[in-house]
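Indexing begins at 1, ligand by ligand and atom by atom, following the structure's order. Keep in mind that this is a model prediction, so the values were computed, not measured.
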Amino acid sequence: MERSFISYTEALDVIADHQKSFAVITVPIVDVGGHFLAEDLIADRDFPPYNRVAMDGIAINHSSFARGVRSFPIEKTVGAGAPQVALEDVNNCIEIMTGGILPKNVDTVIRYEDLTIENGTAAINLEEVTRRKNIHFKGMDIAQGTIIKKAGGRLSSAEINVAASIGKHELKVYKMPKAAIISTGDELVDVHETPLAHQIRRSNVYGIKNTLQEWGINSDLKHIPDDKNEMEVIIDNLLKDYDFLVITGGVSKGKYDYLPDVLKNLGVVKQFHKIKQKPGKPFWFGVSNEGKPVFALPGNPVSSFVCTYIYIRHWLRSSLKMDTNFTYVTLAEDILFKPELTFFIESKIKNLDNGTIVATAVFGNGSGDFINLVNTDGFLILPPEKEVFKKGEVYPFVYYRNEI
Ligand SMILES: Nc1nc2c(c(=O)[nH]1)N[C@H]1C(S)=C(S)[C@@H](COP(=O)(O)OP(=O)(O)OC[C@H]3O[C@@H](n4cnc5c(N)ncnc54)[C@H](O)[C@@H]3O)O[C@H]1N2
Ligand code: MOO
Ligand SMILES: [Mg+2]
């Protein structure tokens, strides 16, 4: 159904309705970082797989210590990687290293720091020793056959460690869709060019490309002048070659804002045009006859930036069955915003030593002022039904920095 001037939440719902199922591919483990997991990771053994010695020292049978024995002749010395041995006499000990398999007939490990070793005998310098100390017992982390990580979600170093330990030399991951990011507008020149007095360099598409890249999506950049016929031919071809399109500019009320007409002529079915929000109001979203989403973002750089972080993210996370919530932060100061629109306001955040993260709005000069993005960390999402947003209240926050 076609809609106009809908709310932010309605727009999110429409976009989620057009989520896709991405194909599954297999990628070698060394290249898998940042991909999205498409299979469950299952423990192939207990973790740890054997009673693992957790400290370098000696292994004893605690009953001897309990009987008052304090000096233990060393029967043998064993390193990690050696098969399991057995203590023959419970009054003796086995010298053993971290990572080794716990010998039979022992149940407690004492570290070197608590021992004096002389002439092949280890004396324990402790009044008390807890039985089972310094042993990482078989299966205590997870049992064989248990799902460690369900499909879905992004592979971080934590999951990659686990994948390696269960022998996954290659993993099933989602094949991310490929995007064309298209700038429109006769005033725009290439980054290599020197603009004339009435021109600017096209910029917002580079930021969008980088954002998509951070989300694991490859894209190509294209440019189309404000020429209806040229637009139609180029977009028609791009719809064939790419999984989704991101177009910036040409969607408002201007004489040369041809995009909605062009997309209509190409059979891209409008799902909505205009959202009750600031910035980004003229956002147009449609789906081609092959089901390919077309995100036609308003050209103003802050508007296209916000719409990318809100709506393209929402489509991707919905498609990947990931939760779509944002983190919440606390307002450092009151914010006044009267219009009945969802307000995305650029803000700086600060971590306080009491554990709260506070956000301070930084008002730039509207959605054309992309310099203001450099001075902020993300944007607050303030709902339309209020005018005064009080210091101390909490609101969702979209963080756009990707620091190491
Ligand atoms: N009469 C009205 N005019 C406008 C309205 C309105 O409701 N009534 N809405 C305003 C709002 S809000 C926005 S946002 C813009 C959206 O405009 P378009 O999507 O049609 O975009 P353009 O007109 O092509 O460009 C707008 C602005 O952005 C600059 N731009 C465009 N592409 C790029 C790029 N790739 N890199 C850098 N800058 C870009 C362009 O030069 C313009 O300055 O419409 C308002 N007008
Ligand atoms: O809504 Mo426009 O996107 O503010 O400048
Ligand atoms: Mg325009």
Side-chain angles (χ1 to χ4, degrees), residues 4-8 11 179-212 219-228 230-231 234-235 238 245-264 268 270 272-286 294-312 337-346 361 363-374 379-382 384 398:
S4 189
F5 211 37
I6 61 174
S7 72
Y8 158 65
I181 305 173
I182 308 140
S183 49
T184 68
D186 287 348
E187 74 283 25
L188 305 175
V189 299
D190 190 67
V191 65
H192 305 286
E193 292 174 57
T194 304
L196 300 173
H198 54 281
Q199 296 175 324
I200 56 168
R201 295 190 184 92
R202 45 184 172 270
S203 56
N204 63 7
V205 286
Y206 288 92
I208 295 170
K209 182 175 175 62
N210 181 62
T211 304
L212 296 190
S219 61
D220 292 323
L221 296 182
K222 309 282 170 188
H223 178 72
I224 318 181
D226 290 324
D227 178 293
K228 217 170 169 177
E230 217 174 318
M231 268 188 171
I234 297 176
I235 294 176
L238 294 175
L245 304 188
V246 181
I247 312 176
T248 72
V251 288
S252 190
K253 291 198 181 303
K255 279 258 163 71
Y256 314 108
D257 289 338
Y258 298 128
L259 206 46
D261 275 355
V262 166
L263 290 168
K264 188 176 175 195
V268 180
K270 176 169 85 175
F272 61 75
H273 189 190
K274 299 197 184 87
I275 305 175
K276 292 177 191 157
Q277 67 176 49
K278 186 183 166 80
K281 186 184 73 179
F283 176 33
W284 188 105
F285 174 71
V294 177
F295 298 87
L297 313 181
N300 271 325
V302 180
S303 311
S304 53
F305 198 90
V306 163
C307 289
T308 300
Y309 273 92
I310 297 290
Y311 299 107
I312 302 181
F337 183 72
K338 287 194 172 164
E340 256 185 66
L341 302 169
T342 299
F343 187 34
F344 302 105
I345 176 66
E346 292 130 277
F363 291 85
N365 298 310
S367 59
D369 176 10
F370 56 102
I371 307 299
N372 199 40
L373 293 171
V374 176
F379 39 90
L380 286 159
I381 305 176
L382 303 178
V398 184

Can you name the atoms of ligand 1, numbered from 1 with element, that are less than 4.0 Å from a heavy atom of [X]?
X	value
Lys281	7 (O)
Arg202	35 (N), 36 (N)
Ser203	34 (C), 36 (N), 37 (C)
Ser183	35 (N)
Glu187	40 (C), 41 (O), 42 (C)
Asp257	20 (O), 23 (O)
Ile200	38 (N), 41 (O)
Ser303	14 (S)

Atom 9 (N) of ligand 1: of Gly254, Gly368, Gly280, Ser252, the nearest heavy atom sits on Ser252
Exercise. Under 4.0 Å from any heavy atom of Ser303, which atoms of ligand 2 are there?
Worked result: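 Checking each atom against Ser303, I get 2 (Mo), 3 (O), 4 (O), 5 (O).
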Q) Just which atoms of ligand 2 are under 4.0 Å from any heavy atom in Pro279? A)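 So the answer, numbered in order with elements, is 1 (O), 3 (O), 4 (O).
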Review point. Got the closest protein heavy atom to atom 5 (O) of ligand 2, with its distance?
Key: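 Ranking protein heavy atoms by distance from atom 5 (O) of ligand 2, first comes Ser367 OG, 2.1 Å.
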Give the residue, atom name and distance (to 0.1 Å) of the protein heavy atom nearest atom 1 (O) of ligand 2.
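Of every protein heavy atom, Gly280 N, 2.7 Å lies nearest to atom 1 (O) of ligand 2.
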Between Asp190 and Arg202, does a side-chain contact (heavy atoms from CB on, under 4.5 Å) hold up when you go through it step by step? CA-CA 6 Å; Asp190 190 67; Arg202 45 184 172 270; 3.4 Å; yes
The side-chain contact (heavy atoms from CB on, under 4.5 Å) partner of Leu297 among Ile181, Val251, Val246 is Val246
#### Entry: Aromatic ring proximity Phe305/Phe370, centre distance under 6.0 Å
no
ask   = Do Phe344 and Tyr309 have their ring centres less than 6.0 Å from each other?
value =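 No - the distance between ring centres of Phe344 and Tyr309 does not fall below the 6.0 Å cut-off.
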Phe283 and Phe295 aromatic ring geometry - parallel, tilted or perpendicular at 30°/60° bounds
parallel
**Asked** Which bit of Asn204 is near ligand 1, meaning a heavy atom under 4.0 Å away: side chain, backbone, both or neither?
**Response**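 Answer for Asn204: both.
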Between Gly299 and ligand 1, does any nitrogen or oxygen pair lie at a separation below 3.5 Å?
yes
Under 2.8 Å from the Mg ion (ligand 3), the protein N, O or S atoms found are Asp257 OD1, Asp257 OD2
